[in-house]
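Hydrogens, waters and symmetry mates are skipped; everything else that's a heavy atom, side chains included, is used. Note that the structure is predicted; figures quoted are calculated from it, not measured. Every chain is numbered from 1 and lettered A, B, ... according to where its sequence line falls, protein lines coming before strand lines.
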Number of protein chains: 2
Amino acid sequence: MKGTKILLVDDEPDVLDFLSYNLKKHGAIVFTASDGKQAIDVAKEVLPDLIILDVMMPVMDGIEACKELRQLPETKDAMIIFLTARTEDYSQIAGLEAGADDYISKPLNLRVLITRIDAMLRRGRRAEVRQGIVDVGGGVKINNESFSVTVNGEEYTLPKKEFELVTLLTSKPGKVFTREDILNKIWGGDVVVGDRTIDVHIRKLRQKLGDDKITTLKGIGYKFEF
Amino acid sequence: MKGTKILLVDDEPDVLDFLSYNLKKHGAIVFTASDGKQAIDVAKEVLPDLIILDVMMPVMDGIEACKELRQLPETKDAMIIFLTARTEDYSQIAGLEAGADDYISKPLNLRVLITRIDAMLRRGRRAEVRQGIVDVGGGVKINNESFSVTVNGEEYTLPKKEFELVTLLTSKPGKVFTREDILNKIWGGDVVVGDRTIDVHIRKLRQKLGDDKITTLKGIGYKFEF
DNA sequence: TTACCATTTTAAGTATTTGTTAATTGAATG
DNA sequence: CATTCAATTAACAAATACTTAAAATGGTAA
């Protein structure tokens with residue numbers, strides 16, 4: 001972490017100060033910005049190795065900024081970490097789609113943050129990202145480029161919602177996602193759809209993945225397992 | 001291309017005039033020089049976005065000039081395109097090694113040149129250099145010099161947009177390009193065109209390539225496959 | 001210039017796929 | 001064994017893409 005240039009972007013001065021202080025203590029060279037537009041300007045100037053972006057910001061939010069940063073030749077190779085409030089879970093997906101390399105949820109745990117940054121710098125960019133073909137185990141592979149899953153050699157191209165669902169469930173094998181989780185992350189907090197909708201999509205997935213891959217926890221939710 | 005500063009470097013006044021006239025017509029601000037030494041002087045002065053360099057020139061040839069331009073802080077970020085005679089193939093390799101971003105062979109095809117410049121300015125440096133005839137699989141060959149595709153022996157000369165689209169889609173067979181991707185890469189982030197425009201171009205391509213080559217993923221985008 | 005032609009974009013109606021709901025059946029839990 | 005929740009199916013609704021034609025656009029030649 002010594003000598004690494006880090007650009008911090010957040011609209012809350014407290015967060016900025018806190019992180020700035022601590023990252024400097026670990027040897028980083030820290031720059032700051034308080035919204036997306038500023039971030040881009042600063043980034044073009046200092047060419048940071050790593051950019052830590054808050055998702056919720058005025059003027060230009062983190063997602064937009066990230067997309068733009070990925071376009072610019074000066075900054076497209078920088079690593080980008082998103083800061084997301086735990087409630088706005090959906091943004092994780094949007095964030096990764098926008099080209100982020102990792103995301104960390106608030107409230108911030110400093111040790112976790114430092115560890116993640118270290119790991120990232122060590123392993124190089126995109127170590128954590130699910131990009132291209134990801135083997136999620138159980139003979140199931142997910143291909144983010146072609147929006148398809150491969151189960152024991154059989155490839156299925158999935159419709160959007162099904163793909164989002166399988167991506168979510170396999171993002172943490174073994175973890176149980178409640179129906180509420182699923183609604184929040186895939187449909188977004190404000191869209192209202194009936195509970196049966198989830199069942200139906202689960203069913204369609206099971207038809208393709210096989211009945212044994214997704215298990216139901218009655219009254220709780222679903223999990224992907226193998 | 002509007003407002004882009006382009007520095008043309010060639011020892012033949014005819015070529016200079018011809019290009020100068022046409023690039024200006026497309027909204028570029030054009031500067032000229034007739035050898036490498038001059039080119040460097042002018043470049044330091046005007047800080048061009050793009051430099052078009054003839055390889056064969058008196059006093060200082062294009063390769064030398066390019067190397068030098070890449071050293072200078074004022075010009076190292078400019079994009080550089082080489083003009084090479086078709087026979088002097090070696091220069092392509094030498095040129096790219098010297099730090100050029102693309103090369104175009106003489107005799108010049110204006111449409112090709114303009115398109116390559118547009119693409120380069122849009123996508124930023126290091127547009128993939130796909131030169132000559134590329135076999136992208138599935139019985140489809142793409143010819144970058146003549147803007148044509150060959151499908152099972154049948155050759156079609158494509159209009160610009162169609163050509164750009166097929167080039168994009170075939171640049172990664174199997175990968176899905178979202179509509180947003182396509183708009184960004186082909187039209188550029190700021191141009192606003194309706195979604196149907198993409199459909200129509202896709203359709204025209206399908207009429208030529210065959211219906212099975214490009215597949216639609218509803219709600220997501222398109223991919224080239226075979 | 002002016003008229004013409006090729007290309008690109010928009011528009012409108014149709015077709016298809018995907019997503020959702022509702023009604024019923026089935027399974028698990030206490 | 002009754003109650004609750006999930007699974008299933010098919011029918012319906014909504015979203016999205018396809019097709020065709022016609023209107024802009026822009027370049028080229030008389």
message = Taking the axis from the first five pairs and the axis from the last five, what angle separates them in the helix from C:dT1-D:dA30 to C:dG30-D:dC1, rounded to 10 degrees?
response = 30°
Contact nearer the 5' end of DNA chain D, comparing A:V200 with A:K160 = A:V200
query = 5' to 3' on DNA chain C, which nucleotides open and close the contacts with chain B (atom under 4.0 Å from a heavy atom)?
reply = C:dT7 to C:dT18
message = Counting the atoms with a prime plus P, OP1 and OP2 as sugar-phosphate, which does B:R111 contact under 4.0 Å by heavy atoms, base, sugar-phosphate, or nothing?
response = nothing
query = Is there a residue in residues 214-223 of chain B whose heavy atoms reach under 4.0 Å of DNA chain D, and which residues are they?
reply = B:T216, B:K218, B:G219, B:Y222
ask   = Of A:R179 and A:R203, whose closest DNA chain D nucleotide lies nearer the 5' terminus?
value = A:R179
Acceptor/donor pairs from residues 9-32 of chain B side chains to any protein atom, 3.5 angstrom cut, sequence neighbours excluded:
unit_1 : atom_1 : unit_2 : atom_2 : d
B:D10  : OD1    : B:E12  : N      : 2.9
B:D10  : OD2    : B:K106 : NZ     : 3.4
B:N22  : ND2    : B:F18  : O      : 2.8

ask   = Considering residues, nucleotides and ligands other than B:E180, do more than 12 of their heavy atoms fall under 6.0 Å from its CD?
value = no
message = Can a side-chain donor-acceptor contact be found between A:T150 and A:E154 if the only test is distance below 3.5 angstrom?
response = no
query = Reading DNA chain D 5' to 3', which nucleotide is the first, and which the last, to come under 4.0 Å of any heavy atom in chain A?
reply = D:dC5 to D:dT9
note = Contacts of B:K223 meeting salt bridge (Lys or Arg N to Asp or Glu O under 4.0 Å) (sequence neighbours excluded), chain-then-number -> B:E225
remark   = Between B:L158 and B:V193, whichever has its closest DNA chain C nucleotide further toward 5' is B:L158
request  = Taking the six-membered ring for Trp and the full ring for Phe, Tyr or His, determine whether the centres of B:F147 and B:F163 are under 6.0 Å apart.
outcome  = yes
